[in-house]
There are 2 protein chains.
Amino acid sequence: MKKRTAATHEGTGPLMSDVARLAGVAVSTVSRALANPGRVNEETRQRIAAAAEQLGYTPNAAARNLRIGRSDIVMVVLPGPLFYGASQTVSEVLDGVDTELTKAGFHLLIANLDRDEDTERHILDLAFGGTVRGAIILASELPHHGNRTLSDAGIPIVSVLLDLTGKGVPSVVTNEREAMRAAAQRLIATGHRHFYFVAGPIGNFHDVERYGGLIEALDVAGLGEGAVRRFGQFYDFREGFACGSAAAAAFLALDERPTAVLCCSDDIAIAFMHTIRRAGIAVPEAVSVMGFDGAAVGEFCGPGLATIRQPTVDMGAAAAQGLLKAIAGEAALAERTVLPSEWLERGSTAPAPTPS
Amino acid sequence: MKKRTAATHEGTGPLMSDVARLAGVAVSTVSRALANPGRVNEETRQRIAAAAEQLGYTPNAAARNLRIGRSDIVMVVLPGPLFYGASQTVSEVLDGVDTELTKAGFHLLIANLDRDEDTERHILDLAFGGTVRGAIILASELPHHGNRTLSDAGIPIVSVLLDLTGKGVPSVVTNEREAMRAAAQRLIATGHRHFYFVAGPIGNFHDVERYGGLIEALDVAGLGEGAVRRFGQFYDFREGFACGSAAAAAFLALDERPTAVLCCSDDIAIAFMHTIRRAGIAVPEAVSVMGFDGAAVGEFCGPGLATIRQPTVDMGAAAAQGLLKAIAGEAALAERTVLPSEWLERGSTAPAPTPS
DNA sequence: AGGTGCATGGCAATCGATTGCCAACCCATA
DNA sequence: TATGGGTTGGCAATCGATTGCCATGCACCT
């Protein structure tokens with residue numbers, strides 16, 4: 001076989017052996033110089049660095065990964081396409097994750113649960129085949145296929161947005177229940193006695209927590225669950241606008257209308273508010289409306305939409321940091337990390353109207 | 001050295017040799033059975049498949065990539081964090097890309113230009129080091145570092161959203177100029193003679209095209225560039241709301257106000273419309289407002305925001321398909337692929353008011 | 001029965017970087 | 001000058017799957 005020289009490389013770039021030859025040392029020396037500078041003579045190191053630079057040498061990732069038995073890629077498992085409504089929750093979380101991972105020299109791979117079964121197997125292959133070093137889950141289910149589940153792959157996993165501690169996955173969430181309770185209490189304190197809750201996907205963690213918070217506030221105030229009317233035909237977070245419109249139609253048809261409307265997401269709230277205002281109902285004078293998530297655009301929808309802002313970017317960053325720690329073998333992330341959300345007052349809520 | 005058996009594996013899963021042993025064949029037979037079923041006896045193939053299944057065998061990706069010299073990962077280069085405004089352009093494009101890639105058995109890795117210089121080098125390493133097989137660019141610049149540019153890495157590249165054919169990168173775009181011209185002509189036809197254009201980032205492809213379309217329409221109508229007043233203090237697409245508010249303030253301060261406002265993005269338009277309506281200007285009766293992008297939430301902002309919807313998902317899918325073809329070595333993608341955008345009428349435009 | 005051809009399976013080299021182990025070497029000290 | 005301590009560099013095995021090449025074996029044909 002012809003001996004390869006730097007000049008004969010075709011598809012591939014220069015190899016470590018090329019760098020070694022140019023620098024006049026052995027490949028092992030090059031490897032050490034690049035990875036563990038203390039181990040070689042400074043002058044030699046510089047000569048090697050110069051040679052690598054001159055050749056435009058980039059180590060082959062596959063070879064490196066194979067040898068050291070791990071990669072520098074982390075995957076994020078999404079429940080479906082990036083959300084298309086007004087809230088950019090998922091995008092913002094991703095940004096937080098990406099920033100931290102990049103800072104630590106890791107790369108981010110997107111995996112999507114919302115495809116066929118075959119895809120789910122591919123996701124598992126990424127983990128079991130050693131392509132990824134860890135996973136961050138934004139879905140309520142761990143990927144699984146046949147009798148294998150992501151958690152069997154032996155890589156660190158962290159959940160964000162949804163609490164998966166029940167499945168043994170450390171999770172980063174916000175205090176949704178508490179925040180909703182506080183918001184409801186504020187409304188109660190300003191005279192509201194009849195509530196309307198527009199639900200998210202039934203059984204979804206967010207819906208359970210947010211509705212739960214409202215109920216807690218009602219209980220504390222001695223109002224009981226009868227003080228709230230629940231509208232729940234919302235099956236997917238991507239259908240927020242449609243849900244909000246439908247909820248508004250149902251609301252408008254009521255004989256006695258509640259004075260405060262709490263929506264499980266901003267998308268719902270935006271469509272809801274728009275629809276009832278079109279029907280001649282004054283917000284917030286006649287009816288107070290509140291969303292959840294903290295969509296920036298809410299500021300510009302009629303009266304600014306009051307909402308609860310999740311610390312999305314920080315949550316993403318926290319999840320990534322936790323994962324990185326787990327990867328480094330340091331103390332695992334606390335089971336559950338709760339980051340505080342923020343109440344955004346804006347203009348869509350007001351004291352309850354005095355009964356005419 | 002102790003001979004490894006399936007029972008002694010620790011961090012790693014079962015190997016192909018374990019499968020071979022269990023099935024009573026050689027590793028090469030296993031490899032062929034898994035990759036090239038025709039090459040081995042059906043009965044043997046089934047025995048091997050059963051053994052693999054029983055052991056939960058997943059081939060090691062690094063070893064495979066090293067041997068065959070390529071990976072099944074494609075990277076998407078973003079200009080910054082996923083956009084936080086109301087338009088979900090980037091998210092939607094990503095979804096289109098992801099769907100196609102997944103369908104073809106590829107995975108998607110996110111790379112972000114908006115970090116430090118070191119990060120940009122890491123992006124190049126992904127390409128030069130063989131981690132990724134192709135790249136889709138959503139940024140106006142190709143990643144580069146020192147004297148290396150992404151295009152030197154020898155992997156297929158496709159641009160989407162921005163036209164990079166000038167840099168030799170096949171691009172998938174929409175007919176922004178034409179769409180804007182048509183929209184402006186529609187406004188002219190309904191009596192509008194004075195225009196206000198709120199610019200995007202100066203020099204940005206979108207801004208150039210969209211403004212250019214407006215100018216063309218004015219020219220065709222014999223109105224000339226004097227018929228438009230341009231507001232341009234917008235430096236980044238992430239600052240759309242702030243820009244819209246500022247533009248509205250400037251608009252309100254004018255002695256003679258144009259009757260039609262064309263904004264370079266929906267975010268701008270949403271904030272703009274909100275601000276002038278607060279100041280008592282009726283939209284669309286007194287002033288018509290139009291955005292660009294097709295944000296779903298525009299439907300719910302005051303009168304529905306008229307806009308031009310980019311076929312984002314389709315553009316992403318087209319870009320991915322083009323890239324896959326290039327990877328497969330088939331005829332390269334046509335230099336420039338133009339997908340039609342769609343005019344969304346909604347309620348924020350109307351014939352020009354008759355001068356009082 | 002002998003020969004030909006095709007289908008199947010196995011050996012071993014290969015991809016490229018990493019690293020344990022040991023040899024070579026330098027300088028300093030006795 | 002000989003010896004010792006400490007540093008630097010090189011050889012070769014290794015990670016795990018893939019594949020060219022060859023050996024084996026079976027069936028079928030004359």
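In this structure, B:Asn65 atom CG and D:dT18 atom P are separated by 10 Å, rounded to whole Å. As a whole-Å value, the separation of B:Met16 CE from D:dA17 C1' is 5 Å. Whole-Å rounding puts the B:Ile68 CD1 to C:dT14 C1' distance at 14 Å. Going from atom CZ of B:Arg64 over to atom P of D:dA17 covers 11 Å, rounded to whole Å. Put simply, CZ on B:Arg70 is 14 Å from P on C:dG16, counting in whole angstrom units. Between the C1' atom of D:dG9 and the CD atom of A:Glu42 lies a distance of 16 Å, rounded to the nearest Å. In this entry the distance linking CD1 of A:Ile48 with C1' of D:dG9 reads 10 Å, nearest Å. Nucleotide C:dA17 holds its P atom 13 Å from the CG atom of B:Asp125, rounded to whole Å.
With hydrogens and angles disregarded, no donor-acceptor distance shorter than 3.5 Å links the side chain of B:Ser31 to the backbone of B:Val27. Under a 3.5 Å cut-off, the side chain of B:Asn112 and the backbone N or O of B:Gly80 do form a donor-acceptor pair. Looking only at distances, a side-chain donor or acceptor of B:Arg133 sits under 3.5 Å from a matching main-chain atom of B:Ser71.
Across D:dG20, D:dG10, D:dT18, the shortest atom-to-atom separation from the side chain of B:Arg32 is found for D:dG20. Side-chain proximity of A:Asn41 to the nucleotides D:dG9, C:dA17, D:dA17 is greatest for D:dG9. The nucleotide whose nearest atom lies closest to any side-chain atom of A:Thr29 is, among D:dG10, C:dT18, C:dA17, D:dG10.
Along DNA chain C, the nucleotide nearest B:Ala26 and the nucleotide nearest B:Leu66 are compared for position; the residue whose nucleotide lies closer to the 5' end is B:Ala26. Each of B:Ala63 and B:Val27 has a nearest nucleotide on DNA chain C; the 5'-most of these lies closest to B:Val27.
Enclosure of atom CD in B:Glu43 is not indicated, since only 12 or fewer non-hydrogen atoms of other residues, nucleotides or ligands lie within 6.0 angstrom.
Within the 4.0 angstrom heavy-atom criterion, only backbone atoms of the sugar-phosphate kind lie near A:Val25; the bases stay farther away.
Residue B:Ser17 places none of its side-chain N or O atoms closer than 4.0 Å to OP1 or OP2 of D:dG16. The shortest distance between the side-chain N/O atoms of A:Tyr57 and the OP1/OP2 oxygens of C:dG16 is not below 4.0 Å. The phosphate of D:dG9 (OP1 or OP2) has no side-chain N or O of A:Ser28 nearer than 4.0 angstrom.
With respect to the salt-bridge test (charged N to carboxylate O, under 4.0 angstrom), the residues A:Arg148 and A:Asp125 qualify.
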